[in-house]
Amino acid sequence: MTSHTPSPRQLRLIIETDDFDSAIRFYRDVLGMPEQLAFATEDDDRVAILHAGIATIELATPTHAKNIDEVEGAPHTPGALRIALEVDDTEQAVAAARDGGAEVIAPPVKTPFQSLNARVQGPAGWQVTFFQELETLEERAAREGFMTDDIRDR
């Protein structure tokens with residue numbers, strides 16, 4: 001008899017911030033994440049649940065994180081809190097974030113893995129990477145270096 005662990009239905013990233021107004025303006029108004037109903041009580045008990053498309057978790061060793069920082073042209077900051085958002089147009093996303101008051105950490109760059117990446121400093125200490133895919137997963141599967149970790153030579 002085997003047990004089946006149910007798969008998660010949603011990933012929710014919780015960003016605790018002392019400057020709620022700045023954070024909601026950035027993520028909801030500048031980046032365009034639609035807000036859904038959420039429960040809170042009174043006074044300073046505030047919450048916003050924002051839709052950010054499909055969620056994935058990227059697990060990375062410190063070496064990989066440092067390599068990505070290098071590829072994107074961003075300074076390596078060990079342990080930095082970072083989210084990555086897939087967008088249709090990286091340059092447009094960076095311009096909107098910059099116009100919304102975000103500092104550009106690394107301008108758009110075409111990566112060796114065929115995406116257009118850029119990074120900005122978001123509110124509450126979180127960095128935001130925008131990435132625009134330049135090829136499909138099927139196209140990547142045919143290229144060297146793209147595989148799952150369980151079949152990678154170690």
Side-chain angles (χ1 to χ4, degrees), residues 4-140 146 148-149:
H4 174 69
T5 304
S7 296
R9 293 180 43 144
Q10 180 182 157
L11 169 68
R12 190 168 290 177
L13 174 69
I14 291 85
I15 300 176
E16 182 179 339
T17 177
D18 290 327
D19 191 350
F20 188 87
D21 291 324
S22 174
I24 196 167
R25 184 185 63 75
F26 182 73
Y27 291 106
R28 183 192 63 200
D29 304 337
V30 173
L31 299 186
M33 295 178 180
E35 184 176 2
Q36 76 177 43
L37 297 175
F39 177 81
T41 59
E42 298 175 354
D43 302 321
D44 195 40
D45 178 7
R46 297 176 69 189
V47 62
I49 298 173
L50 308 173
H51 285 274
I54 297 171
T56 59
I57 296 176
E58 181 176 326
L59 302 175
T61 63
T63 299
H64 184 78
K66 186 175 180 179
N67 288 343
I68 294 301
D69 289 341
E70 188 175 305
V71 164
E72 291 181 0
H76 181 60
T77 310
L81 302 173
R82 179 167 59 95
I83 60 175
L85 302 173
E86 182 179 2
V87 295
D88 291 331
D89 186 322
T90 295
E91 292 182 2
Q92 184 180 43
V94 169
R98 184 181 50 243
D99 292 349
E103 173 194 352
V104 176
I105 297 172
V109 61
K110 184 177 178 183
T111 70
F113 33 92
Q114 300 305 302
S115 63
L116 188 62
N117 291 22
R119 197 177 303 181
V120 301
Q121 181 62 56
W126 286 77
Q127 295 179 4
V128 178
T129 292
F130 298 111
F131 68 99
Q132 176 184 343
E133 298 293 11
L134 302 176
E135 65 182 11
T136 66
L137 285 175
E138 292 77 20
E139 290 170 321
R140 285 184 174 178
F146 284 92
T148 58
D149 189 67

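- Atom CG in L134 sits 7.0 Å away from atom OG1 in T111 (nearest 0.5 Å).
- The side-chain hydrogen bond (donor to acceptor under 3.5 Å, both in side chains) test applied to Q92 returns no partner, not counting sequence neighbours.
- Closest of all the heavy-atom pairs between V30 and G100 is CG2-CA, 3.8 Å.
- In the displayed structure, E135 atom CD is contacted under 6.0 Å by more than 12 heavy atoms of other residues, nucleotides or ligands.
- Residues G122 and F26 share a closest heavy-atom pair of CA-CE2, 4.1 Å.
- In this structure, the side chains of Q127 and Q121 come closer than 4.5 Å at one or more pairs of heavy atoms.
- The shortest non-hydrogen separation linking A65 to A60 is N-CB, 4.5 Å.
- In the displayed structure, Q36 atom CD is contacted under 6.0 Å by more than 12 heavy atoms of other residues, nucleotides or ligands.
- With hydrogens and angles disregarded, a donor-acceptor distance shorter than 3.5 Å links the side chain of T90 to the backbone of Q132.
- The 12-atom threshold is exceeded at CG of L11, counting heavy atoms of other residues, nucleotides or ligands nearer than 6.0 Å.
- Heavy atoms of other residues, nucleotides or ligands lying less than 6.0 angstrom from CG of D21 number more than 12.
- With values rounded to the nearest 0.5 angstrom, R28 atom CZ is found 5.0 Å from E35 atom CD.
- One finds the OH atom of Y27 at 7.5 Å from the CH2 atom of W126 (value rounded to the nearest 0.5 Å).
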Between D45 and D43, does the side-chain contact (heavy atoms from CB on, under 4.5 Å) criterion hold? Intermediate values first, please. CA-CA 6 Å; D45 178 7; D43 302 321; over 6 Å; no
List the atom pairs, with distances to 0.1 Å, where a side-chain N or O of residues 68-88 and a protein N or O form a donor-acceptor pair under 3.5 Å, not counting sequence neighbours.
{"residue": "D69", "atom": "OD1", "partner": "R119", "partner atom": "NH1", "Å": "2.9"}
{"residue": "D69", "atom": "OD1", "partner": "R119", "partner atom": "NH2", "Å": "2.8"}
{"residue": "D69", "atom": "OD2", "partner": "H76", "partner atom": "ND1", "Å": "2.6"}
{"residue": "E72", "atom": "OE1", "partner": "R119", "partner atom": "NE", "Å": "2.9"}
{"residue": "E72", "atom": "OE1", "partner": "R119", "partner atom": "NH2", "Å": "2.6"}
{"residue": "E72", "atom": "OE1", "partner": "T129", "partner atom": "OG1", "Å": "3.4"}
{"residue": "E72", "atom": "OE2", "partner": "N117", "partner atom": "ND2", "Å": "2.9"}
{"residue": "R82", "atom": "NH1", "partner": "T129", "partner atom": "OG1", "Å": "3.2"}

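- Atom CD of Q114 is separated from atom CZ of R140 by 7.5 Å, given to the nearest 0.5 angstrom.
- In terms of heavy-atom proximity, T136 sits nearest to E139 at N-OE1, 2.7 Å.
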